[in-house]
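Sharing a structure below in structure tokens format, with a few things to ask.
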2 protein chains.
Amino acid sequence: MDISPSEPTLNFCQACAVRNRAICADLDPGELQALNSIGRRRKVEAGEQLLWEGDDAIVVANVVEGLLKLSTQTAEGKEQILGLAYPSDFLGRPFGEKTPYGVEALTPALVCTFQRTDFDRFAREHPRLEHKLLERTLAELDRTRRWMLLLGRMNAEQKVATFLLEMADRLAPSTCGADVGSLGQMELPLSRQQIADVLGLTIETVSRQLSKMRSENVIDLPSRREVVIVDRGGLEDRSA
Amino acid sequence: MDISPSEPTLNFCQACAVRNRAICADLDPGELQALNSIGRRRKVEAGEQLLWEGDDAIVVANVVEGLLKLSTQTAEGKEQILGLAYPSDFLGRPFGEKTPYGVEALTPALVCTFQRTDFDRFAREHPRLEHKLLERTLAELDRTRRWMLLLGRMNAEQKVATFLLEMADRLAPSTCGADVGSLGQMELPLSRQQIADVLGLTIETVSRQLSKMRSENVIDLPSRREVVIVDRGGLEDRSA
DNA sequence: CGACGCGTTGACGGAACTCAACGTAGGTGG
DNA sequence: CCACCTACGTTGAGTTCCGTCAACGCGTCG
């Protein structure tokens with residue numbers, strides 16, 4: 001809950017890893033100091049829930065490090081992951097009453113949290129920040145709509161292939177030891193169940209599709225969490 | 001293409017049907033005049049395409065009257081409807097290069113169009129408009145994410161029931177002869193194929209689900225395009 | 001009247017789900 | 001250190017739901 005006592009009034013923002021990519025990118029030093037004063041850094045452990053669906057929207061946050069999932073569930077308890085939040089992504093529902101989805105960390109994560117009311121006020125007073133938030137929200141809406149095509153119209157093979165390509169692209173920058181990325185090896189931050197929840201499938205179907213692609217020499221699966229893309233073209237064909 | 005010659009320089013905005021609900025709601029008369037000067041009213045016929053997926057994002061628009069669909073398709077040509085645009089909704093991709101989805105009118109529609117570059121400039125100079133656009137985009141993102149749960153985790157019966165309830169709610173205000181709405185009668189602005197494209201189903205499955213619900217006395221189908229909700233509770237049970 | 005578009009219904013097959021057993025990796029304690 | 005346990009993942013068998021293909025009904029328009 002509390003910020004580290006060793007740096008009580010430090011301006012975290014200036015040294016922030018996502019300083020140039022997050023919604024605060026266009027703020028000048030004075031504005032940044034003001035934003036810093038209403039925000040708090042917080043570590044979230046893997047598996048820890050940061051926001052609960054349906055709660056009053058008290059908190060919003062910026063992702064600094066790590067990967068988190070946004071999810072919701074049916075009345076019967078079947079889960080659907082609505083999206084993944086990477087560093088510099090924004091979490092929570094500004095200008096809203098209720099948190100519309102749950103947020104849970106998939107890896108150890110570092111987030112920069114704000115009381116929603118503080119953030120709303122700050123945003124309204126700083127159009128450049130609000131503009132950044134708008135651009136980010138528009139991009140997220142585009143991404144979400146593209147995912148609807150996957151959920152509504154793709155079969156299991158297409159879903160899994162599309163997922164692997166997307167993860168390879170999005171994970172590349174972080175693991176960007178260049179050769180590692182081009183070799184197509186990656187460590188999945190999601191369990192099979194979570195992959196299934198992203199794709200609207202069952203765990204067994206995901207497992208079968210992965211095994212099938214391995215037997216067809218399109219991918220390799222050195223361990224549970226590792227995937228190697230052996231034949232990117234083959235994956236792309238399957239994602240069509 | 002052209003505005004009506006009978007009202008060459010009139011300020012459409014002042015008498016606009018969505019004046020108090022669309023993103024222009026917070027503008028003062030002077031700002032409204034400025035916005036009016038860069039916008040054009042345009043009629044779109046039912047079935048006419050307003051924006052094409054993948055085109056350069058030249059135009060953005062506000063819906064004044066009518067209903068339009070946003071859609072995309074797979075490489076194989078299977079369509080997925082991403083959302084419906086009602087009066088006061090915003091269309092197109094501000095601050096973006098490409099139009100990320102196609103837009104086609106389902107009913108005769110009236111839209112207020114802007115050159116995207118003009119609109120972008122105006123928005124950046126008028127934070128109140130940009131704020132409205134942000135609120136609208138955030139709400140649309142919430143709505144879109146809720147639809148992902150339907151696409152990914154619901155069976156055909158749940159999808160159709162959810163769709164009927166949603167349409168009844170959203171169509172009510174316009175047809176709001178009060179008693180009409182409460183009787184649960186509505187005229188669907190979508191064909192069976194379009195309903196299927198919204199729900200990620202086939203036309204036959206939609207038809208079968210509707211017939212089944214009629215046989216169970218949950219709804220009635222007086223004609224192709226009409227639906228009467230006979231037992232709202234029954235529908236709600238099925239949408240769970 | 002016939003043709004066409006749209007919707008309904010039926011028969012069938014297959015893709016994905018369900019249920020169940022088994023395998024495997026990682027962590028714990030004796 | 002190894003046996004054990006547990007969580008996670010894989011694989012198999014059977015079932016179900018929905019998609020596909022096809023025939024038919026109905027209203028509309030030329």
Side-chain angles (χ1 to χ4, degrees), chain A residues 46-47 69 73-74 76-80 106-107 149-164 187-216 219-228 238-240, chain B residues 46-47 73-74 76-80 106-107 150-164 187-216 218-228 238-239:
Chain A
K69 66 167 194 182
Q73 37 194 101
T74 63
E76 300 128 359
K78 284 188 282 189
E79 183 158 348
Q80 176 66 51
L106 296 175
T107 67
L149 183 64
L150 176 143
L151 290 175
R153 291 301 188 198
M154 286 188 185
N155 62 30
E157 182 180 50
Q158 293 171 320
K159 286 180 176 181
V160 172
T162 303
F163 170 78
L164 290 176
E187 173 144 357
L188 288 181
L190 290 80
S191 69
R192 294 291 187 269
Q193 182 62 61
Q194 286 162 345
I195 297 173
D197 290 339
V198 169
L199 300 177
L201 295 171
T202 59
I203 185 173
E204 294 96 331
T205 299
V206 171
S207 183
R208 275 187 256 268
Q209 290 297 328
L210 288 173
S211 298
K212 177 161 150 284
M213 288 184 194
R214 183 181 47 181
S215 76
E216 294 165 343
I219 60 171
D220 193 19
L221 303 165
S223 76
R224 294 182 164 192
R225 291 285 183 133
E226 282 176 302
V227 179
V228 183
R238 271 154 246 257
S239 75
Chain B
Q73 38 192 97
T74 63
E76 301 128 357
K78 285 189 282 188
E79 183 159 347
Q80 177 66 51
L106 297 175
T107 68
L150 176 144
L151 290 175
R153 291 301 187 198
M154 287 189 185
N155 62 28
E157 182 180 50
Q158 293 171 320
K159 285 180 176 181
V160 172
T162 304
F163 170 79
L164 290 175
E187 173 146 357
L188 288 181
L190 290 81
S191 69
R192 294 291 188 270
Q193 181 62 61
Q194 287 161 344
I195 297 173
D197 291 338
V198 169
L199 300 177
L201 295 172
T202 59
I203 185 174
E204 295 95 330
T205 300
V206 171
S207 184
R208 273 187 259 268
Q209 289 297 329
L210 289 173
S211 297
K212 176 159 150 286
M213 288 184 193
R214 183 181 46 182
S215 77
E216 294 166 342
V218 174
I219 60 170
D220 193 18
L221 304 164
S223 76
R224 292 182 165 191
R225 291 286 184 132
E226 282 174 304
V227 180
V228 183
R238 271 155 246 258
S239 74

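Residue numbering restarts at 1 for every chain, and letters A, B, ... go by the order of the sequence lines. All values derive from a computational prediction rather than experimental measurement.
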Looking at the side chain of A:Arg208, which of C:dC17, D:dC18, C:dA20 is the nearest nucleotide?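 The closest nucleotide is C:dC17.
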Could you work out which one of D:dC18, D:dT11, D:dG25 sits closest to the side chain of B:Arg224? D:dG25
I need the CD-P distance between A:Glu226 and C:dT24, as an integer number of Å. 18 Å
Looking only at the side chain of B:Glu204 (C-beta and beyond, no hydrogens), which of the listed nucleotides D:dT11, C:dG10, C:dG7 gets closest? C:dG10
Could you tell me whether the side chain of A:Leu151 reaches within less than 4.5 Å of the side chain of B:Leu150, counting heavy atoms only?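 A side-chain contact under 4.5 Å is absent here.
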With a 4.0 Å cut-off on heavy atoms, is B:Ser191 in touch with a base, just the backbone sugar-phosphate, or nothing at all? sugar-phosphate
Given C:dT9, D:dG19, C:dC17, identify the nucleotide with an atom nearest to the side chain of B:Thr202. D:dG19
Check ion pair A:Lys212-A:Glu157 (N to O, under 4.0 angstrom):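 Judged by the 4.0 Å cut-off on N to carboxylate O distance, A:Lys212 and A:Glu157 do form a salt bridge.
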Rounded off to whole Å, could you give me the CD-to-P distance for the A:Gln193 and C:dC17 pair?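 Going from A:Gln193 (CD) to C:dC17 (P), I get 11 Å.
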Taking atom P of C:dG7 as reference, at what distance in whole Å does atom CG of B:Asp197 sit? 12 Å
For the side chain of A:Arg214, counting heavy atoms from C-beta on, which of D:dT20, D:dG9, D:dT11 is nearest?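 So the nucleotide nearest the side chain must be D:dT11.
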Would you mind checking if B:Glu216 and B:Arg238 are paired as a salt bridge, meaning a charged N to carboxylate O distance below 4.0 Å?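 Here B:Arg238 pairs with B:Glu216 in a salt bridge, since their nearest N and O are under 4.0 Å apart.
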Starting from P on D:dC18, measure out to CG on B:Leu199 and report it in whole angstrom. 12 Å
Euclidean distance, atom CZ of residue B:Arg153 to atom P of C:dT18 [Å, nearest integer]: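 Distance check: B:Arg153 CZ to C:dT18 P gives 9 Å.
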Pair A:Asp197 + B:Arg153: basic N to acidic O under 4.0 Å: yes
Is it true that the side chains of B:Glu204 and B:Ser207 contain a donor and an acceptor less than 3.5 Å apart? no
Which is more 5' along DNA chain C, the nucleotide nearest A:Ser223 or the one nearest B:Leu190? Just name the residue. B:Leu190
Using whole Å, report how far CZ of B:Arg225 lies from P of D:dT28. 13 Å
Proximal nucleotide (of C:dA16, D:dT11, C:dT9) relative to the A:Gln209 side chain: C:dA16
What's the closest nucleotide to the B:Thr205 side chain, out of D:dC18, D:dG12, C:dT8?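 Between D:dC18, D:dG12, C:dT8, the one nearest the side chain of B:Thr205 would be D:dC18.
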Nearest of C:dG7, C:dA16, D:dC18 to any side-chain atom of A:Ala156? C:dA16
In whole angstroms, how far is the P atom of C:dT9 from the CD1 atom of B:Ile203? 13 Å
Applying a 4.0 Å non-hydrogen cut-off, can you work out what B:Leu210 is touching in the nucleic acid: base, sugar-phosphate, or nothing? nothing
Using whole Å, report how far CE of A:Met154 lies from P of C:dA15. 17 Å
